[in-house]
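The model shown is predicted, which means the values in this text are computed figures rather than measured ones. Side-chain atoms are counted along with the backbone in the values below, which use heavy atoms only and exclude waters and symmetry mates. Count residues from 1 along the sequence.
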Amino acid sequence: MVKAKVVGIVVAVAMVAGVAAWAIVDGFMGPSNDSAVEIAPADSFVYANVWLNPSRNQKSAIRDLLEKFDKAPTTDEAKGALVDFIDGALSETGATFEEDIEPWLGRQAAFYASDVEAAQPTLAALIATEDRNATQEMIDEFDERENNETEPKSYKGVDYNYYADDQVASGFIGDFWVFGTESGFRASVDASEGESLAGNARYERAAGRLSDDHLALFYFDPGRLFEIAEASGDLTSEDLANIRSLTGEDGGEPAAAIIAVTSEGAFFEAAAPLSEALRDQLGNLTDPGLLPALPGDSWLALGAGDLGASINRFLDQLGSAGIPGFDLETLRRQFSAETGLDFQADLLDWMGDAGVFVEGTGLLTIGGGAVIETLDANRSRETVDELGRLLLREGAPITPSVIEGHEGFAIEIPGSPQPINVLAGDEKVVIAFGATATSNAIDPDNSLSGSDAFQRAADSLGDGYNTSFFLDVDAVVSLAESLGAGSDETYQNDVKPWLDPLSHVVFGTKLDGEVSVQKFVIGAQ
């Protein structure tokens, strides 16, 4: 096991924690061409990269974004605070950032692992350096202070130092200082001279669908990890069969994700190829359900396509996963015995697309609910009627309710002037809090798809995305302030300055060939 007290690990931790953010605001120039991936082994199951020197566009976007926040630090303030933090982390080593790291620090830092089960795991950290000699001087000074003993070695003509006590190797490959296990260092040498992760088709299928202009990237290949676990005996044949029933024979497609910014917000984007088996399990991931048709004043909205079938797929996955104590058929029988309803026929079979919303920015106007498309109006009406009878038998305070041709019941809430209405109609079932929200759920005057706030949020996702989650931050702030936050000094001084520039949070999905791409955006104005 690699110990924490090895050649510059403290330095690496400090860089990950602080140097990246400092370099982002410091104004370096240059493109973000990932060179580290070219010395990561082709069979890596984990790869992560952080840009210490991101692209010109990313740096410009960060500056534009920070200018929107009155409380955001200036470049000099941010640099000073981060340098102080790093120096504090390095205090026990006797090193400082400006004297020992800044003179040689390059544009990126990365990490990979391609084997964790072996006696010598194959993993390493890759730190870009612009001055090998300066980097080596820092390492030598660290070794001298710590009385580290090293053994000079060479692999395929590449020299490195081996720390026998910690089983760690340290050396230079191209423009990178590489440190990790000895097998990790040697694997990077091999990758630099032959096949690397950069040429791995599985890596390219996932990472190639993402924006190449970003601050950080993470890649994970579960299929490779399962291969390692199978070879080591950590997974039984039964375990593997259960896994493959959900993921396909390859044990799961890889996934990649990035973090990036624009002048109007920050976003997280992830991509994963979908095997045929997984596509069958997941259904249509891009279906927004009823979200676009929800009330136009909604400040929170979620959508799901084909709800009944989605729940069925999820339950089938749980049932086939071999979870101890989980028996789907037993749960179905128990549900039927306690409610008098058949979980499949009386609930899931009639459920189509669905949506959930919240509206109103004041104590007296807030409301919301769920809307579910019915595929069988008679069956869904019978279900609502049976639920009403069940609640009545249990002593719940319910009364019959009819709103705009939809019939069912209202549940009185102690202390609340508004009930929860549960109603069924020819096209939908509505469960909503408050008369206004119920009416809007049944027949909204304006739909969310026509809302300017929603459209701006959806546009921030980019082309081809279908939106399945939306949050209007301005409306949430208005609600919080109407409920008393506006008179709170801490809120006004420490919270509001960070909330005011935020405009929305939105999530969407699209299909790029057989690759599912998801995007989560936090917008600012």
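Nearest heavy-atom pair, Asp212 versus His214, reported as atom, atom and distance to 0.1 Å: C-ND1, 3.6 Å. Contact between Ala441 and Pro444 at its shortest, heavy atoms only, is O-CD, 4.3 Å. Taking each heavy atom of Asp474 and Asp500 in turn, the nearest pair found is OD1-O, 4.4 Å. Here the shortest heavy-atom pairing between Ala354 and Leu307 reads CB-CD2, 3.8 Å. Closest non-hydrogen pair, Val261 versus Ala266, comes out as CG1-CB, 4.0 Å. Contact detail for Phe176 and Ser35: the closest heavy-atom pair is CE1-CB, 3.7 Å.
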Phe185/Val168 under side chain to side chain contact (heavy atoms under 4.5 Å, CB included): CA gap, chis, key distance, verdict
CA-CA 9 Å; Phe185 185 87; Val168 167; over 6 Å; no
Verdict with supporting geometry, Asp175 and Arg107, salt bridge (charged side-chain N to carboxylate O under 4.0 Å, His left out)
CA-CA 10 Å; Asp175 294 329; Arg107 299 187 309 182; over 6 Å; no
As a quick check of understanding, evaluate side chain to side chain contact (heavy atoms under 4.5 Å, CB included) for Phe218 and Val46, giving each step before the final call.
CA-CA 8 Å; Phe218 178 78; Val46 166; 3.9 Å; yes
Can you list the steps and then say if Leu502 with Lys68 is a side chain to side chain contact (heavy atoms under 4.5 Å, CB included)?
CA-CA 9 Å; Leu502 300 180; Lys68 301 178 189 294; over 6 Å; no
Between Asp34 and Trp51, is the side chain to side chain contact (heavy atoms under 4.5 Å, CB included) condition met? List the steps.
CA-CA 9 Å; Asp34 189 358; Trp51 285 104; 4.1 Å; yes
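Counting heavy atoms from C-beta on, the side chains of His504 and Val521 come closer than 4.5 Å. Inter-residue side-chain proximity for Phe469 and Leu300 is flagged as met; some heavy-atom pair is nearer than 4.5 Å. Using a 4.5 Å heavy-atom cutoff, the side chains of Leu105 and Ile127 are in contact. Looking at heavy atoms from C-beta onward, Ser516 lies in side-chain contact with Thr509 at the 4.5 angstrom threshold. In this structure, Tyr112 and Leu197 have side chains that are not in contact, with every pair of non-hydrogen atoms separated by 4.5 Å or more. Side-chain contact between Glu481 and Lys496 is present, with at least one heavy-atom pair separated by less than 4.5 Å. At least one side-chain heavy atom of Asp159 sits under 4.5 Å from a side-chain heavy atom of Ser154.
Proximity of the aromatic rings of Tyr219 and Tyr203 is defined here by a centroid distance below 6.0 angstrom, and this criterion is met.
Counted by atom type alone, Gln455 and Asp459 present one or more donor-acceptor pairs between their side chains at under 3.5 Å.
Using a distance-only test at 3.5 Å, with no hydrogens or angles considered, no donor-acceptor pair links the side chain of Gln108 to the main chain of Asn49. Side-chain atoms of Asp87 come within 3.5 Å of backbone N or O of Phe97 as a donor-acceptor pair. Within the 3.5 Å criterion, the main-chain N or O of Thr122 finds no donor-acceptor partner in the side chain of Asp115. The main-chain N or O of Ser192 is never found under 3.5 Å from a side-chain atom of Ser196 such that the two would form a donor-acceptor pair. Looking at Glu182, its side chain never comes within 3.5 Å of a backbone N or O of Gln167 through a donor-acceptor pair. When atom types are taken as modelled, the side chain of Tyr47 and the backbone of Val37 share a donor-acceptor pair closer than 3.5 angstrom. A donor-acceptor pair under 3.5 Å is formed between the side chain of Ser183 and the backbone N or O of Pro121. Using modelled atom types, no side-chain atom of Lys71 and backbone atom of Asp494 make a donor-acceptor pair closer than 3.5 Å. With Thr467 contributing its side chain and Val506 its backbone, the two residues share no donor-acceptor pair below 3.5 Å. Checked by atom type and distance alone, the side chain of Glu253 never pairs as donor or acceptor with a backbone atom of Pro273 at under 3.5 Å.
Using cut-offs of 30° and 60° on the angle between ring planes, the pair Phe520 and Phe507 is tilted. Using cut-offs of 30° and 60° on the angle between ring planes, the pair Trp177 and Trp104 is perpendicular. Using bins of under 30°, 30° to 60° and over 60° for the plane-to-plane angle, the ring pair Phe45/Phe220 lands in the perpendicular bin.
Applying the side-chain hydrogen bond (donor to acceptor under 3.5 Å, both in side chains) test to pairs two or more places apart or on separate chains, none has a residue in residues 297-307.
Note that the OG atom of Ser188 and the CD1 atom of Ile39 stand 5.0 Å from one another [nearest 0.5 Å]. The structure places CG of Asn440 at 6.5 Å from CG of Asp445, a figure rounded to the nearest 0.5 Å. To the nearest 0.5 Å, the span separating OG on Ser211 from CD1 on Ile259 amounts to 13.0 Å. The line from CZ of Phe69 to CG of Leu499 is 9.0 Å long, rounded to the nearest 0.5 Å. Glu359 CD to Ile366 CD1: the interatomic distance, rounded to the nearest 0.5 Å, is 9.5 Å. In this structure, the separation between CD on Glu38 and CG on Asn33 is 9.0 Å, given to the nearest 0.5 Å.
Crowding of Gln492 atom CD: a count of heavy atoms from other residues, nucleotides or ligands under 6.0 Å exceeding 12. Applying the 6.0 Å contact sphere to CD of Gln136 captures more than 12 heavy atoms from other residues, nucleotides or ligands.
Residues Arg63 and Glu67 are not paired through a salt bridge, judged by the lack of any N-O separation under 4.0 Å between the basic side chain and the carboxylate.
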